[in-house]
Amino acid sequence: MGYQDLREWLIAVNELGELRQVEGAHWRLEMGTITELSGKRKKAPALLFDHIPDYPPGFRLLSGALLTAPRLAVTLGLPVTPSDRELVSALEGLPTQWETRAKDFPPVTTSHSPVKDNVLRDSQVDLLRFPAPLWHEDDGGRYIGTGSAVITQDPDTGQINLGTYRIMIHNQNTAGLYVSPGKHGRIHYEKYHAQGKPCPVAVSLGHDPLLLVAAGLEVPPGISEYQYAGAIKGAPLRVVPGEVTGLPIPADAELVIEGWCPPGQSLPEGPFGEWTGYYASGQRPAPVIQVEAIYYRNDPIILGCPPNRPPHDYTYMRTVLRSAMLKEALAKAGVPDVRGVWAHEAGGSRLILVVAIKQRYPGHARQAGFVASQCHVGAYLGRYVIVVDDDIDPSNTNDVLWALATRSDPEKDIDIIRRTWSSALDPMIKTGVSAFFNSRAIIDACRPFEWLAEFPKVSQSSPELAQKVAQKWRELLAD
Ligand SMILES: Cc1cc2nc3c(=O)[nH]c(=O)nc-3n(C[C@H](O)[C@H](O)[C@H](O)COP(=O)(O)O)c2cc1C
C-alpha cells in the first residue's frame with residue numbers, strides 16, 4: 001500500500017497532478033460553491049483549501065477527494081487506472097475478498113498517535129476553532145462533518161461501527177448528528193437511550209479517504225469498518241483510545257471530537273443540501289453530541305464531502321463501489337449470470353439501479369430485480385431497479401433507456417414493492433410524517449424470456465462488418 005495517512009495520500013495525488021491548492025476562499029459559501037462548480041468538471045481535481053478567512057494558515061479543508069478513477073484507485077491501493085472501465089474491472093471480485101479477509105485485520109492500538117498533537121478538554125473545547133463551511137445557501141448551519149466517520153459501539157455485542165453521518169455545529173461544544181433510521185450508528189444510540197444512558201461517540205472529521213469509503217458504504221453487517229478498511233489496505237489500521245469514552249479513534253486522523261449523545265436531548269438540525277439534490281428533510285429535532293474532547297494534528301485538515309444536485313462530491317466513489325458490491329451481493333444471494341451492475345450517479349447511486357443479466361430461465365430477471373432492491377447494499381432509499389439483457393451496458397444511460405423503451409411493456413413488466421425502507425431525506429416524502437416508507441418499481445426491461453429466440457433482431461452492423469468497414473475507412477471514422 002502506497003500511503004499511510006491523509007498527508008501521504010495528498011503527496012501521492014499531487015504526484016498524479018490531481019491536487020489543486022486554493023488560498024483565501026471563504027468558509028461562508030465560497031468553499032462550498034467552488035467545490036460544487038469544480039466537481040461538475042470532467043477530471044475534477046481534489047481541492048485543498050488553506051488561508052481560510054478567520055482561521056490560522058494551515059487549518060485546511062480538502063474536498064473533491066474521490067472524483068476520478070486514478071484517485072479512487074490510489075485510495076484502494078490498486079494500480080492507477082486512467083479510466084472508469086479499467087477501475088471497474090480491477091474491482092472484480094475484490095469486495096468479496098475484502099469481506100472474507102476483514103477478520104484478519106483488527107485495528108492495532110498504538111502509543112504513537114499524531115492526532116493527539118493537540119488535546120482540548122472540557123472548557124477548552126471549541127468547535128468553532130476549525131473552518132467548518134456553510135456549504136449551501138439554505139443550510140441551517142455550518143457542517144464540520146460531511147466526510148466524517150462516526151464511531152459508536154453496540155452495547156449488546158461490543159461491535160465497533162464507523163458510519164459517515166453529517167455533523168452540524170450548534171455551539172462551541174454541541175454538535176448535531178443526523179443518522180437515518182436503520183443505520184448502525186442510530187441503532188446503537190437508540191439502544192443506549194432505551195436504557196436511559198448516554199451513548200459514547202467519537203467522530204473523525206479528517207482522515208485517510210479510505211476511511212470515508214468504508215464508513216460511507218454498506219459494509220456487510222457484522223464486520224467493523226476498521227477491519228474492512230484494513231482488508232482493503234492490506235494492513236491493520238492504527239487506533240488510540242479516546243480519553244473520554246475509550247472508543248478507538250484513528251491514530252492518524254487529523255481532527256477528532258469525542259463525547260456523549262445523551263437520551264432525550266435534541267436540537268433543530270438542518271436544512272442541509274442533501275445527496276438527492278434537495279433540502280428534503282428540512283429542519284427537525286435531531287440528537288446532539290456533547291463534546292468533551294477535541295484532538296487534532298498540527299495544521300489539521302478537515303475532509304469535506306458535501307452533496308448537492310448530483311453528480312456531486314461522493315456519487316462517483318459510491319457508484320463505482322456500490323455497483324461492484326451489489327454485483328457480488330447478487331451472486332452470493334444465488335442470482336446467476338449477473339454480467340454488470342450500475343448504481344447511477346443521477347440517483348445519488350441509490351435511486352436508480354441497473355442490473356444486466358444473461359437470462360437463463362423464466363423468472364431470472366424478476367429474481368435479479370427483487371434481490372437487488374432488497375439486499376443490504378441495495379435496500380436503503382432506492383426507487384427503481386431496471387433489469388436488462390447482457391447486450392446492454394448498464395452504465396450507459398442511452399443503452400438502458402433504449403432497452404426500457406423497446407423491451408418492456410409497462411402493463412406486464414413493472415412490479416411494485418410497497419412500504420420499503422426510506423428516510424426523511426426522500427424528496428417524495430412530505431415533512432412531518434412519523435415513519436418513512438416509499439416503494440420500489442422493479443422494471444423488467446429484458447427481452448421476454450418465452451420468445452427470446454423470435455424477438456426482433458437488433459438493427460446494427462455485425463461486429464465483423466463493422467470492423468471491416470471501420471478498418472477500410474479509418475481516416476474518415478477517426479475521432
Ligand atoms: C459523504 C457521505 C455522507 C453521508 N451522510 C449521511 C448522513 O448524514 N446520515 C446518514 O444516515 N447516512 C449518511 N451517509 C450514508 C451512510 O454513511 C451509509 O449508508 C453507511 O453505509 C452507513 O453505515 P452503517 O450501515 O454502518 O450505519 C453518507 C454517506 C456518505 C458517503
Side-chain angles (χ1 to χ4, degrees), residues 35 39 62-67 72 75 95 135 139-141 143-154 157 159-168 175-191 201 203-207 209-229 269-276 279-281 284 286-287 289 302-308 310-322 325-326 329 343 345 348-350 375-382 421-426 436:
T35 299
L62 175 70
S63 68
L66 297 173
L67 289 175
L72 191 49
T75 308
W135 290 104
D139 284 357
Y143 279 82
I144 194 166
T146 47
S148 62
V150 176
I151 302 150
T152 54
Q153 184 167 31
D154 188 317
T157 63
Q159 168 96 27
I160 296 290
N161 189 72
L162 277 73
T164 299
Y165 315 124
R166 73 197 197 206
I167 305 287
M168 177 178 134
L177 171 68
Y178 175 79
V179 191
S180 291
K183 303 283 168 181
H184 292 123
R186 182 157 173 162
I187 293 172
H188 291 178
Y189 74 64
E190 285 174 349
K191 284 187 179 182
V201 186
V203 186
S204 177
L205 297 163
H207 37 249
L210 177 62
L211 221 47
L212 165 62
V213 167
L217 282 171
E218 282 72 24
V219 167
I223 298 176
S224 165
E225 288 78 4
Y226 272 134
Q227 295 185 234
Y228 197 76
E269 194 270 351
F272 182 62
E274 291 160 353
W275 61 266
T276 58
Y279 298 91
S281 69
R284 305 134 286 93
I289 305 172
I302 295 174
L303 179 57
C305 199
N308 49 62
H312 57 65
D313 230 53
Y314 55 94
T315 48
Y316 177 74
M317 169 280 271
R318 276 224 297 219
T319 286
V320 170
L321 285 163
R322 292 186 79 238
M325 290 166 88
L326 183 54
E345 286 190 76
S349 103
R350 291 192 189 279
C375 66
H376 181 59
V377 194
Y380 170 70
L381 223 174
W421 187 14
S422 189
S423 82
L425 276 52
D426 188 337
F436 307 101

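Every number for a ligand or one of its atoms is a count from 1 in the order of the listing. Side chains are part of it too, since the values below use all heavy atoms of this structure and drop only hydrogens, waters and symmetry mates.
Each of the atoms 11 (O) of ligand 1 lies under 4.0 Å from some heavy atom of Val179. Near Arg166, meaning under 4.0 Å from any of its heavy atoms, are these atoms of ligand 1: 7 (C), 8 (O). Close contacts of ligand 1 with Asn161, meaning ligand atoms under 4.0 Å from a residue heavy atom, involve 26 (O). In summary, the atoms of ligand 1 found under 4.0 Å from a heavy atom of Arg350, numbered by their order in the structure, are 15 (C), 18 (C), 19 (O).
Distances shorter than 4.0 angstrom occur between a heavy atom of Glu225 and an atom of ligand 1. Under a 4.0 Å heavy-atom criterion, Gln159 is not in contact with ligand 1.
Ser204 contributes no side-chain N or O that, together with a main-chain N or O of Ala149, makes up a donor-acceptor pair within less than 3.5 Å. Remark: the backbone N or O of Ala343 is not paired with any side-chain donor or acceptor of Arg322 at under 3.5 angstrom. With Asp313 contributing its side chain and Ser63 its backbone, the two residues share no donor-acceptor pair below 3.5 Å. The main-chain N or O of Val150 is never found under 3.5 Å from a side-chain atom of Ser148 such that the two would form a donor-acceptor pair. Tyr314 contributes no side-chain N or O that, together with a main-chain N or O of Cys305, makes up a donor-acceptor pair within less than 3.5 Å.
Under 4.0 angstrom from ligand 1, the non-hydrogen atoms of Thr164 come from both its backbone and its side chain. Of the heavy atoms in Ala215, only backbone atoms (N, CA, C, O) come closer than 4.0 Å to ligand 1. Neither the backbone nor the side chain of His188 has a heavy atom within less than 4.0 Å of ligand 1. At a heavy-atom cutoff of 4.0 Å, ligand 1 is contacted by no atom of Asp313, backbone or side chain. Using a 4.0 Å cut-off between heavy atoms, Leu217 contacts ligand 1 through its backbone alone, with no side-chain atom that close.
No N or O atom of Tyr314 sits closer than 3.5 Å to an N or O atom of ligand 1. Any N or O atom pair closer than 3.5 Å counts here, and Thr146 shares no such pair with ligand 1. At under 3.5 Å, a nitrogen or oxygen of Ser180, whether backbone or side chain, sits near a nitrogen or oxygen of ligand 1. The N/O atoms of Glu218, backbone and side chain alike, include one that comes under 3.5 Å of an N/O atom in ligand 1.
The protein non-hydrogen atom at the shortest distance from atom 29 (C) of ligand 1 is Arg318 NH1, 3.4 Å. Closest to atom 9 (N) of ligand 1 among all protein heavy atoms lies Tyr178 O, 3.0 Å. Given atom 25 (O) of ligand 1, the protein heavy atom at minimum distance is His184 ND1, 3.1 Å. Nearest non-hydrogen protein atom to atom 18 (C) of ligand 1 is Gly216 O, 3.6 Å. Nearest non-hydrogen protein atom to atom 10 (C) of ligand 1 is Tyr165 CD2, 3.5 Å. In terms of protein heavy-atom proximity, atom 19 (O) of ligand 1 is closest to Lys183 NZ, 2.7 Å.
Centroid-to-centroid, the aromatic rings of Tyr143 and Phe272 come within less than 6.0 Å.
Applying side-chain hydrogen bond (donor to acceptor under 3.5 Å, both in side chains) to His188 and the options Asn161, Thr157, Thr152 leaves one that passes, Thr152. When each of Glu345, Glu218, Glu274 is paired with Arg350, the salt bridge (charged side-chain N to carboxylate O under 4.0 Å, His left out) condition holds for Glu218 and for no other.
A side-chain donor from one of Ser180 and Tyr178 sits under 3.5 Å from a side-chain acceptor of the other. Between Tyr380 and Ser423, the side chains place a donor N or O and an acceptor N or O closer than 3.5 Å (distance only, hydrogens not considered). Donor-acceptor pairing under 3.5 Å is lacking for the side chains of Ser349 and Thr319.
Taking both residues in full, the closest heavy atoms of Arg166 and Ser281 are given as NH2-OG, 3.6 Å, listed atom of the first, atom of the second, then distance. The nearest pair of heavy atoms linking Glu225 to Ile160 is OE1-O, 4.2 Å.
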